[in-house]
Amino acid sequence: MRTQVVIVGSGPSGLLLGQLLAMAGIETIILEQKSKDYVLGRIRAGVLEEGTVGLIEQAGAAARLHSEGLVHDGIEIAFEGSRHRIDFKALTGRTVTVYGQTEVTRDLMDARAAIGAPTVYEALDVDLLELESDRPVVRYRKDGEACEIACDYVAGCDGFHGIGRRSIPEDVLRAYERVYPFGWLGVLVDQPPISHELIYVNHRRGFALCSMRSMTRSRYYLQCRLDEHVEDWPDEKFWEELTRRLDPDVVGNLRTGASIEKSIAPLRSFVAEPMRFGRLFLAGDAAHIVPPTGAKGLNLAASDVAYLSRALIERYASGSGAGLDAYPEKALARVWKAVRFSWWMTQTLHRFPESSGFDQKMQAAELEYLFSSKAAQTALAENYVGLPY
Ligand code: APR
Ligand code: PHB
């Protein structure tokens with residue numbers, strides 16, 4: 001087979017890229033190792049920057065986002081029994097939209113199917129060849145049959161465990177990583193959210209987050225140790241511990257119930273450089289991972305795709321490869337700022353097992369400064385709503 005761009009991975013990065021390129025008349029084939037249902041079965045976060053919403057609109061997949069998404073003007077941060085609101089709207093003029101990543105993925109899949117663009121699900125053993133030539137070849141197995149696609153470019157949108165980054169020679173690739181000494185235990189429950197905005201909690205028993213998917217479905221997280229298992233946390237224990245970490249004013253609004261999903265996620269910051277090798281370009285989790293504290297994972301994937309799609313469209317429209325040559329540096333410049341913000345939110349809102357008295361005093365002073373300084377709140381707000389592309 002032959003196409004212009006092979007996209008490996010049918011997550012938000014691959015699907016969004018596929019749509020934006022299709023809108024410009026560029027042919028793509030998406031290869032996904034899992035089934036469609038498996039991809040849609042993954043529970044992920046869901047806070048969208050205005051830039052991400054704009055890209056999904058461009059991709060023609062924003063109708064449900066606009067009808068079901070919740071626009072939020074701010075968040076609250078709780079510390080030592082009181083909550084402090086960070087008013088994004090007043091501080092930056094911008095907002096975020098709460099809409100599950102699973103729903104974004106479903107909408108993009110529907111948009112792709114609607115234009116008849118091909119996705120090969122359960123494409124196994126994807127292998128990327130001739131990446132330094134002007135005609136890369138992608139091999140994979142489908143239903144036991146060996147298949148091959150020749151193309152101009154390959155987009156590695158295949159996440160942290162994908163083949164994309166692993167196709168960059170070790171002597172070329174540089175990786176930067178920070179692994180945090182705790183995880184997030186998340187619960188999804190069909191109950192109204194405790195508040196109409198997200199609440200981030202720094203408590204001496206550990207971090208907590210009150211989030212939502214809609215006005216009838218809520219998502220809660222507790223900082224937990226890495227050696228803990230979901231089985232150690234029956235629902236009652238989860239609600240008891242969450243109650244202990246919430247301030248008395250708000251705890252009365254907590255509606256508990258049977259969890260419909262429960263999982264533990266480790267926290268890490270990870271960046272791989274360069275985000276290009278020959279005709280292979282990485283986007284999203286294939287190149288970088290952020291802890292969820294800053295709600296940046298999906299939004300960073302989207303900004304990568306914004307830069308990469310523009311560069312590919314320029315290449316096919318004018319023949320110029322300038323945008324593609326600039327892509328790695330341009331994407332990484334925004335990536336590192338979001339990695340810093342996510343690291344700062346994690347450092348400031350979690351309890352570190354090894355932290356000294358001095359560390360804890362620094363954290364408290366950081367938060368007291370934040371709550372008392374408009375400048376500090378503006379810095380948080382502009383990072384949370386999304387830095388310019
Ligand atoms: N061959 C084909 N497909 C693959 C391969 C492979 N070797 N390896 C992984 N994939 C697929 C995965 O099954 C997955 O569906 O690539 C897709 C990658 O999707 P994501 O992990 O969702 O990555 P991305 O699209 O970059 O989205 C980033 O996901 O994890 C969240 O917080 C993160 O919100 C961010 C978003
Ligand atoms: C979520 O709703 O799952 C969520 C929201 C904000 C975060 C992380 C997760 O920072």
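Order of appearance sets the numbers: ligands from 1, and atoms from 1 within every ligand.
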Colleague: Rounded to the nearest 0.5 Å, what separation is found between the OG1 atom of T119 and the CD1 atom of I30?
Modeller: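 Those atoms lie 4.0 Å apart.
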Colleague: For the residue pair W184 and F207, categorise the inter-ring angle as parallel (less than 30°), tilted (30 to 60°) or perpendicular (more than 60°).
Modeller: parallel
Colleague: When you measure from atom 12 (C) of ligand 1 to each heavy atom in E32, K36, H288, K34, which option holds the nearest one?
Modeller: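 The residue whose heavy atom sits nearest atom 12 (C) of ligand 1 is E32.
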Colleague: Please list, in number order, the atoms of ligand 1 under 4.0 Å from a heavy atom of L31.
Modeller: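 Within the 4.0 Å cut-off of L31, ligand 1 contributes 2 (C), 3 (N).
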Colleague: In Å and rounded to the nearest 0.5 Å, what is the CD to CG distance from Q363 to N202?
Modeller: 4.5 Å
Colleague: Can you check whether R244's main-chain N or O pairs, donor with acceptor, with H203's side chain at less than 3.5 Å?
Modeller: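 Yes, the answer is positive, given that a donor and an acceptor are paired below the 3.5 Å cut-off.
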Colleague: Given D158, T52, L128, D285, identify the one with the heavy atom nearest to atom 28 (C) of ligand 1.
Modeller: D285
Colleague: Give a yes/no verdict on a cation-pi contact between R334 and Y389, requiring under 6.0 Å between NZ or CZ and the six-membered ring centre and an angle within 45° of the axis.
Modeller: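 No.
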Colleague: Distance to 0.1 Å, residue and atom name: give those for the protein heavy atom nearest to atom 36 (C) of ligand 1.
Modeller: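 So the nearest neighbour among protein heavy atoms is Q101 NE2, 3.5 Å.
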Colleague: Under the criterion side chain to side chain contact (heavy atoms under 4.5 Å, CB included), which of I168, L282, V154 is the partner of F277?
Modeller: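 Of I168, L282, V154, side chain to side chain contact (heavy atoms under 4.5 Å, CB included) with F277 is met by I168 alone.
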Colleague: Classify the ring geometry between F79 and F371 as parallel (under 30°), tilted (30 to 60°) or perpendicular (over 60°).
Modeller: tilted
Colleague: Give the atom numbers and elements of ligand 1 that come within less than 4.0 Å of a heavy atom of P12.
Modeller: 22 (O), 25 (O), 27 (O)
Colleague: Under 4.0 Å, heavy atoms only, figure out whether ligand 1 is touched by the backbone of V8, its side chain, both or neither.
Modeller: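 The part of V8 near ligand 1 is the side chain, not the backbone.
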Colleague: Who passes side chain to side chain donor-acceptor pair (under 3.5 Å) against W233, sequence neighbours left out?
Modeller: E228
Colleague: Which one holds for C157 and ligand 1: side chain close, backbone close, both close, or neither close, with close meaning a heavy atom under 4.0 Å?
Modeller: backbone
Colleague: Counting only heavy atoms, tell me which of Q33, R42, K296 gets closest to atom 3 (N) of ligand 1.
Modeller: Q33
Colleague: Roughly how far, to the nearest 0.5 Å, is OG1 of T95 from CG of D87?
Modeller: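 The distance works out to 11.0 Å.
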Colleague: If we ignore angles and hydrogens, is there a donor and acceptor under 3.5 Å between the side chains of R219 and Y221?
Modeller: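 Yes, a side-chain donor-acceptor pair sits under 3.5 Å.
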Colleague: Relative to each other, are the rings of F182 and Y180 parallel, tilted or perpendicular (30° and 60° limits)?
Modeller: parallel
Colleague: Could you list which atoms of ligand 1 come closer than 4.0 Å to a heavy atom of G162?
Modeller: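 Numbered from 1, ligand 1 contributes 8 (N).
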Colleague: Judged on heavy-atom distance to atom 32 (O) of ligand 1, which of A123, A45, G297 sits nearest?
Modeller: G297
Colleague: For the 3.5 Å polar cut-off, considering only N or O atoms, please tell me whether L298 and ligand 1 meet it.
Modeller: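 Yes; the residue has a nitrogen or oxygen that sits under 3.5 Å from a nitrogen or oxygen of the ligand.
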Colleague: Between the candidates S13, G284, G11, which shows the shortest non-hydrogen contact distance to atom 24 (P) of ligand 1?
Modeller: S13
Colleague: List by chain and number: which residues place a heavy atom under 4.0 Å from ligand 2?
Modeller: A45, V47, W184, L198, Y200, L209, S211, R213, R219, Y221, P292, T293, A295
Colleague: Side chain to side chain donor-acceptor pair (under 3.5 Å), that's the test. Do S355 and Q360 meet it? Break it down for me.
Modeller: CA-CA 7 Å; S355 67; Q360 284 161 24; 2.9 Å; yes
Colleague: So, regarding V126 and ligand 1 (criterion: nitrogen or oxygen to nitrogen or oxygen, under 3.5 Å), is there a contact or not?
Modeller: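 In this structure, V126 places no N or O atom under 3.5 Å from an N or O of ligand 1.
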Colleague: Is a side-chain N or O of S13 found less than 3.5 angstrom from the main chain of D158, in a donor-acceptor match?
Modeller: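 Checked: no pair found.
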Colleague: Starting from atom 31 (C) of ligand 1, which protein heavy atom do you reach first, and at what distance in Å?
Modeller: R44 NH1, 3.3 Å
